[in-house]
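Read the structure below first, then the notes.
FYI, side chains are in, hydrogens and waters are out, and symmetry mates aren't considered; it's all heavy atoms of this structure. Numbered from 1 within each chain, the chains take letters A, B, ... in sequence-line order.
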There are 2 protein chains.
Amino acid sequence: MHNYPDILPPRGHAAKRQSIIDAAAAVFCREGFAGANIDLIAAEAGVSRQTVYNHHGDKDKLFNAVLREITERANARAFAILDTFPDQPVDLEADLVAFALRFNKNCIWCREGKSLRKLLLAEGERYPELFEVWRREGPGKIESALASRLARLAHAGYLDIDDPDIAARQFMALNNAELHLPSMFGKSLSEEETAAAARRAVRTFLRAFGRRVSRPAELPQEA
Amino acid sequence: MHNYPDILPPRGHAAKRQSIIDAAAAVFCREGFAGANIDLIAAEAGVSRQTVYNHHGDKDKLFNAVLREITERANARAFAILDTFPDQPVDLEADLVAFALRFNKNCIWCREGKSLRKLLLAEGERYPELFEVWRREGPGKIESALASRLARLAHAGYLDIDDPDIAARQFMALNNAELHLPSMFGKSLSEEETAAAARRAVRTFLRAFGRRVSRPAELPQEA
DNA sequence: GACGAATTAGACAAGGATGTCTAAAAAAAT
DNA sequence: ATTTTTTTAGACATCCTTGTCTAATTCGTC
């Protein structure tokens with residue numbers, strides 16, 4: 001009787017666990033918590049209802065597991081992308097555009113990111129603790145990490161930034177500017193549109209924070 | 001039998017209709033469509049369940065009515081605020097900050113705006129047509145109107161803008177940058193925090209789009 | 001092949017929600 | 001004051017969903 005509860009769910013039934021989580025994420029996201037039907041989740045996962053109950057005891061617990069899992073995955077992705085930030089840019093604008101594009105495609109615009117945002121917004125109040133964790137460990141850390149990168153660029157003379165945290169937040173905001181609306185409903189942007197959005201975001205960001213020859217950036221901004 | 005179906009719901013039962021819509025909005029927003037309980041809506045509206053069914057036949061129809069009503073109110077508010085845009089600014093930055101602050105407080109940050117965003121995001125896929133209408137008549141028109149105002153400021157020499165539509169969208173995005181996250185769950189910002197957010201947004205916007213050289217001489221605005 | 005664990009299909013009770021109906025009460029209009 | 005309309009409270013049938021239980025079956029492992 002080797003029931004180490006936290007470690008080995010012994011066999012290839014990890015695959016089932018995974019498919020349950022995935023299906024549950026999809027259904028919860030589509031229908032909301034109350035509207036999600038466990039039979040449907042089971043069917044969509046290719047699993048019997050009883051198995052769902054065996055793996056995660058409760059609808060509530062299942063939702064919890066889903067949120068935890070997606071959050072974790074999304075965070076991992078985001079930090080992986082953040083590690084590709086151009087610390088030593090060759091062409092600052094082009095490198096930032098490429099970075100922004102990577103970030104959008106992998107973190108904001110992807111199915112997981114959208115599901116997570118939607119679930120958190122819709123049901124966040126029901127799980128304030130989970131929500132708080134996400135906010136602290138997710139966006140908070142990410143923005144702070146991005147701020148560090150921006151500060152380094154500024155210190156190296158590429159950017160002119162007062163407060164890196166604000167700059168980071170605004171970088172994200174500009175990036176999202178064109179994606180939020182279409183992302184709400186199914187409408188997906190073409191590769192070209194996404195790239196254009198990133199270009200526009202970075203261009204404005206650099207107009208505001210870049211030390212560029214094309215714009216007189218000598219003027220110190222009065223505090 | 002004067003039942004002009006569109007005009008006069010004859011008497012002070014318009015008040016009941018209104019309170020039903022309001023309560024329904026609150027409950028739908030809190031619990032989602034599937035989780036919303038008609039008994040609860042009725043109770044919260046101070047009305048019997050039957051009355052709810054009398055006014056709007058169906059849970060679905062009720063939801064529809066709620067969405068339509070909130071959309072309409074939110075749009076009206078937004079356009080009213082837009083009419084206070086500083087077309088002839090005295091102090092450009094201060095005037096833009098004041099405008100941004102008005103917009104945030106009345107359109108984004110207020111209860112109605114938040115409810116609307118949440119409902120649309122959560123249930124938008126169930127009502128693609130309503131959703132599309134909102135997108136076209138709401139944000140689309142608002143951004144376009146703001147773009148016109150910005151273009152006028154640019155033409156008058158206050159701003160340096162290539163594409164007013166993009167500038168408008170980015171103005172909104174910068175404005176939302178700091179509000180979106182806390183707005184998700186109940187956390188409310190203090191007056192001072194909101195003002196600071198607006199100041200930061202406008203400062204960056206002006207760093208990107210402001211004329212660095214000097215204030216323009218007074219210019220007559222042509223209609 | 002045989003054993004034990006996991007999975008399955010289906011039945012099942014309990015509870016909750018929707019939407020209808022009815023008769024009584026309240027409000028509005030004449 | 002009377003008449004008409006709206007509102008109310010509650011009962012009600014129907015359906016759906018959750019979560020449990022059981023017996024049969026599959027799967028992986030020895």
Check: Going by number, which of residues 19-37 of chain A have a non-hydrogen atom under 4.0 Å from DNA chain D?
Finding: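 Residues of residues 19-37 of chain A under 4.0 Å from DNA chain D: A:Ala36, A:Asn37.
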Atom [atom1] of [X] to atom [atom2] of [N]: distance rounded to whole Å?
X	N	atom1	atom2	value
A:Asp39	D:dG19	CG	C1'	11 Å
B:Lys61	C:dG19	NZ	P	9 Å
B:Leu62	C:dA17	CG	C1'	15 Å
A:Asn54	C:dT8	CG	P	9 Å
A:Tyr53	D:dT20	OH	C1'	9 Å

Check: Knowing that exactly one of A:Glu192, A:Glu193, A:Glu93 qualifies, which makes a salt bridge (charged side-chain N to carboxylate O under 4.0 Å, His left out) with A:Arg199?
Finding: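 Exactly one pass, corresponding to A:Glu192.
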Is the phosphate of [N] approached by [X] (side-chain N or O, under 4.0 Å from OP1 or OP2)?
X	N	value
B:His55	D:dT7	yes
B:Thr51	D:dT8	yes
B:Lys16	D:dT8	yes

Is there side-chain contact between [X] and [Y], with heavy atoms separated by less than 4.5 Å?
X	Y	answer
B:Tyr127	B:Asp60	yes
A:His56	A:Ile21	yes
A:Phe209	A:Phe171	no

Between the protein and nucleotides 10-14 of chain C, list every N/O to N/O distance that falls short of 3.5 Å.
unit_1, atom_1, unit_2, atom_2, d
C:dA11, N6, A:Arg49, NH2, 2.9

Checklist line | Note: A:Arg200-B:Asp165 ion pair, threshold 4.0 Å (strictly below) | finding: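 The answer is no: the pair does not qualify as a salt bridge.
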Next item on the list: Take B:Lys118 and A:Glu125 through the test salt bridge (Lys or Arg N to Asp or Glu O under 4.0 Å) and record every step on the way to the result.
Entry: CA-CA 12 Å; B:Lys118 186 167 167 182; A:Glu125 300 179 61; 2.8 Å; yes
Check: To the nearest 10 degrees, what angle separates the axes at the start and end of the helix from C:dG1-D:dC30 to C:dT30-D:dA1, five pairs each?
Finding: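 Taking the rotation axis at each end, their angle is 30°.
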